[in-house]
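The first residue in the sequence is number 1, and the count goes up from there. These numbers were taken from a predicted model, which means no experiment stands behind them.
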Amino acid sequence: MPVRWQTGKHHPAAVYAKQVVYGKLRPMCCKYEILACERFLSDLERQGTEDFPWVFDATRADRILDWFGRCIQIRGPYAGQPVEPQPWQVFDQSNIYGWVHKDTGARRFTRTYNKRARGNVKSTEVSCKCNYHMCADVIYPPYRPELAQFETAPEVECAAVDRGQARRVYGDAKAIARASPGIAKPGGRVRLVVKETKVTHKTRGGFMRALSKDTDNKDSGAPSYFEVDEYHAHKTSEIYDLGLNSFGKRRQALLDVITTAGDDAEHKPCKVEEDYCKRILEDPSVRKTEERYFVMIREIDDEDNPHDKSCWAKANPVIRYPGEYGETLLAQIEAEYTTAYGSGDAEKIRKFLTRRMCRWQAGSVNRYLNEQQLAAVKAAMIPREEFAALTDGLPCHCGYDLGKRIDLSGVGAAFDLPDGRIGIKMHGFMPENGAERHEHTDRVPYKAWAADGYCTLTPGDVTDNSYVDNWICEGEREHSWKVLEVDYDGHNATDLAIKMCEARNNNDFCVEIAQTCAGLNAATKGFRDMLMNGRLVIEYSPLALWCCANAIEVVNNFGDIKLSKKHKDDSERIDPLAGTLNALARLLVKRTAKPDLNEKIMRDDWHIL
């Protein structure tokens, strides 16, 4: 017999939402949690309409909540007891699993982004959900549970940045399964067969496994549930994209992201995704195009003072409710707060803000240019035409840095301007056939940059390095540059240097720059110092700005520095900037060099007093 339809307005999820929007919980919630609750209440009013074909099925919401109660906790003060979702978890999971299509009963949400501070039972929550998707996930028309169809051969991916983190969630899911009657605990009904490297359903097959960038075979066939754990730690979106691109084979597959905040905000795909998620909650026009994306962000607000303990509950929903675990967590947060701010250690403070207050931190400890300095780079940039007017006909040093033949290479020119400033121009090169692939991995628009003249796409699968020489010759031909010499990183670049010297019949035209902290210290520090003193003028280039933001510094025992890439995967590239610093290194040497005595004697105005 069909279950009676309900509006959902009296469901515990709706009660929670009203307390957040209108009631006692509002002071404990950040802006984005309030917006998420307002979204839910608004959706209840328009459910099942022509423009909004989704309804809130309380039986589907209650099904996931009942499942949590079947899972036995494996650690902490409540180990051995059933998991009991707190009201904020009831709201989150009721949203994700309760909204379904008004006709088919397929889940509304196909993607989620859920952020909260460390210690707020993220691993336990997703481990229970992994087991749910292996055992109990169903589809049926709204309020017709008697027509339930289970997912056949479910595929559950516990995805994380590395093998250790992926196994943490996977291991917890296995341990919960083994401890829980009706899942995999011996002596009762056993649904799952739990092995070391794979979990399968006893009758419906499928599998659950740990997945990371270290996994040999990362291909995900037809996942029914793809959980991305601690997305803030991911250097690239490779794992996230793997899950998203695997969809389309199941009626209600779910990509579930759970994370806290991190550092190096400018370069993390998680922060990019979060910024978009905030737009979903803030902008009705964006929200209308993302009706199937559930967003919950819990953090302290911009105007909140982390010294004010009353705002800590915004990022830590566990401490809103009395209980042994919440008291233990609060005590730990207080201890970390005292240590961080009592010591004055910048790194400890950064970790406290990211992990406990769930606030992203810009930059990294060894970032070459901080936010203020990157702003100075933007301020120093002028349009291409203005830069040409400043530098046409002037002497300059050019420099290049050749990357792998399938990646970005860079070139730059440094001009000693008559007013004492130094003019900087940068350019990049990339194989045309690899541009689309690198747009995906590097998350920047190489093809659009090439169309606007900021980089060159060379024909074929590998970079044609002769285009570097062509760029320099073009400057000589079209802008009357007087190129004094070309300075280069010798790695993969000697052949080009020889050809350039031969073409100009000058063996000293190209100078190799030692790629050491000592060899590049003057240029690396000099670029930054002149930038902040207003003595650099840079031709506008979004590619150049991106490279400046990517660079980190390496320091030797004597305090000398040079640039380096942040990640081994080379997705955050600096080649045009590195090439420019090669040129700047020699320009500064010549600027400070003492005059040659022989040249002075040969001058017409030389005489002995």
Subject >> Ring centre gap for Tyr293 and Phe109 strictly below 6.0 Å >> reply: no
Original post:
Near Glu478 CD, under 6.0 Å, is it more than 12 heavy atoms from other residues, nucleotides or ligands?
Top reply: yes
Original post:
Are Glu155 and Arg209 within salt-bridge range, i.e. N to O under 4.0 Å?
Top reply: no
Subject >> Any Thr456 side-chain heavy atom under 4.5 Å of His427 side chain >> reply: yes
**OP:** Tell me yes or no: between the side chains of Asp256 and Thr112, is some donor less than 3.5 Å from an acceptor?
**Re:** yes
Subject >> Leu417 vs Ile422 side-chain heavy atoms within contact, under 4.5 Å >> reply: no
Subject >> Exercise: do Glu512 and Asn582 side chains pair donor with acceptor under 3.5 Å >> reply: no
Original post:
For Asn505, does the CG atom have more than 12 heavy-atom neighbours from other residues, nucleotides or ligands under 6.0 Å away?
Top reply: no
Original post:
Do Glu553 and Lys562 come close enough that some side-chain heavy atom pair is under 4.5 Å?
Top reply: no
Subject >> Under the side-chain contact (heavy atoms from CB on, under 4.5 Å) test, residues paired with Ala549 that sit two or more places apart >> reply: His267, Leu374
Original post:
Going through the checks in order, is the salt bridge (charged side-chain N to carboxylate O under 4.0 Å, His left out) test met by Asp275 and Arg279?
Top reply: CA-CA 6 Å; Asp275 289 343; Arg279 287 178 58 206; over 6 Å; no
Original post:
Side-chain contact, heavy-atom cut-off 4.5 Å: Ile239 with Phe226?
Top reply: yes
Original post:
How far apart are the closest heavy atoms of Leu587 and Ala414, and which atoms are they?
Top reply: CD1-O, 3.4 Å
Original post:
Between Ser237 and Tyr240, is there a donor-acceptor pair closer than 3.5 Å when you use the side chain of the first and the backbone of the second?
Top reply: no
Subject >> Minimal non-hydrogen separation, Lys235 against Pro269, with atom names >> reply: O-CD, 3.6 Å
Original post:
With a 4.5 Å heavy-atom cut-off, do Cys473 and Asp469 have their side chains touching?
Top reply: yes
Original post:
Are the charged groups of Glu33 and Lys314 less than 4.0 angstrom apart, N to O?
Top reply: no
**OP:** Determine, step by step, whether Glu432 and Lys447 satisfy the salt bridge (charged side-chain N to carboxylate O under 4.0 Å, His left out) criterion, reporting the C-alpha distance in whole Å, the side-chain angles of both residues, the deciding distance to 0.1 Å, and the verdict.
**Re:** CA-CA 9 Å; Glu432 186 174 24; Lys447 289 186 285 188; over 6 Å; no
**OP:** Could you tell me whether Glu230 and Lys122 have a side-chain N and a carboxylate O separated by less than 4.0 Å?
**Re:** yes
Original post:
Do Glu386 and Tyr540 have a side chain donor and acceptor closer than 3.5 Å?
Top reply: no
Subject >> Under 3.5 Å side-chain donor-acceptor pair for His232 and Thr260 >> reply: no
Subject >> Salt-bridge present (Glu485, Arg586; N to O < 4.0 Å) >> reply: yes
Subject >> Under 3.5 Å: donor-acceptor pair, side chain of His479, backbone of Asp392 >> reply: no
Original post:
Is a side-chain donor-acceptor pair under 3.5 Å present for Trp360 with Glu299?
Top reply: no
Original post:
Taking side chain as C-beta onward, heavy atoms only, is Val468 less than 4.5 Å from Leu402?
Top reply: yes
**OP:** Could you label the plane-to-plane angle of the Trp471 and Trp481 rings as parallel, tilted or perpendicular, counting under 30° as parallel and over 60° as perpendicular?
**Re:** perpendicular
**OP:** First locate atom OG of Ser212, then atom CD of Gln165, and finally report the distance between them rounded to the nearest 0.5 Å.
**Re:** 10.5 Å
**OP:** Would you confirm whether Arg356, through its side chain, and Arg118, through its main-chain N or O, come within 3.5 Å as a donor-acceptor pair?
**Re:** yes
**OP:** Give a yes or no on whether a salt bridge exists between Glu274 and Lys278, defined as a side-chain N under 4.0 angstrom from a carboxylate O.
**Re:** yes
Subject >> Asn521 (side chain) donor-acceptor with Ile561 (main chain) under 3.5 angstrom >> reply: yes
Original post:
Which heavy-atom pair separates Ile513 from Gly519 by the least distance, and what is that distance?
Top reply: CG2-O, 4.5 Å
Original post:
Within the distance-only criterion (no hydrogens, no angle test), does the side chain of Asn550 pair as donor or acceptor with the backbone N or O of Trp546 below 3.5 angstrom?
Top reply: yes
Original post:
Does the side chain of Arg437 pick up a donor-acceptor pair with the side chain of Tyr446 at under 3.5 Å?
Top reply: no
Original post:
How are the rings of Tyr341 and His307 set to each other: parallel, tilted or perpendicular (split at 30° and 60°)?
Top reply: perpendicular
Original post:
For the side chain of Thr236 and the backbone of Glu238, is there at least one donor-acceptor N/O pair under 3.5 Å apart?
Top reply: yes
Subject >> Cation-pi geometry met for Arg384 and Tyr454 (6.0 Å, 45°) >> reply: yes
**OP:** Step by step, work out the side chain to side chain contact (heavy atoms under 4.5 Å, CB included) result for Asp407 and Arg573.
**Re:** CA-CA 9 Å; Asp407 294 333; Arg573 307 181 195 282; 3.7 Å; yes
**OP:** Would you check if the side chain of Asp419 reaches a backbone N or O of Arg421 as a donor-acceptor pair within less than 3.5 Å?
**Re:** yes
**OP:** Report yes or no: does Asn533 contribute a side-chain atom to a donor-acceptor pair with the main-chain N or O of Asp529 at less than 3.5 Å?
**Re:** yes
Subject >> Glu273 with Lys115: basic N within carboxylate O range, under 4.0 Å >> reply: no
Subject >> Heavy-atom check, side chain of Thr259 versus side chain of Tyr113, under 4.5 Å >> reply: yes
Original post:
Between the side chain of Tyr400 and the main-chain N/O of Asn465, is any donor-acceptor distance below 3.5 Å?
Top reply: no
Original post:
Does a salt bridge link Arg504 with Glu476, judged by any charged N lying under 4.0 Å from a carboxylate O?
Top reply: yes
Subject >> Thr110 vs Leu254 side-chain heavy atoms within contact, under 4.5 Å >> reply: no
**OP:** Answer yes or no: is there a donor N or O on one side and an acceptor on the other, between the side chain of Asp301 and the main chain of Glu303, under 3.5 Å?
**Re:** no
Subject >> Counterpart residues, side-chain contact (heavy atoms from CB on, under 4.5 Å), relative to Ser343 (two or more places apart) >> reply: Asp345, Lys348
Original post:
Hey, do the aromatic rings of Tyr467 and Phe429 have their centres closer than 6.0 Å?
Top reply: no
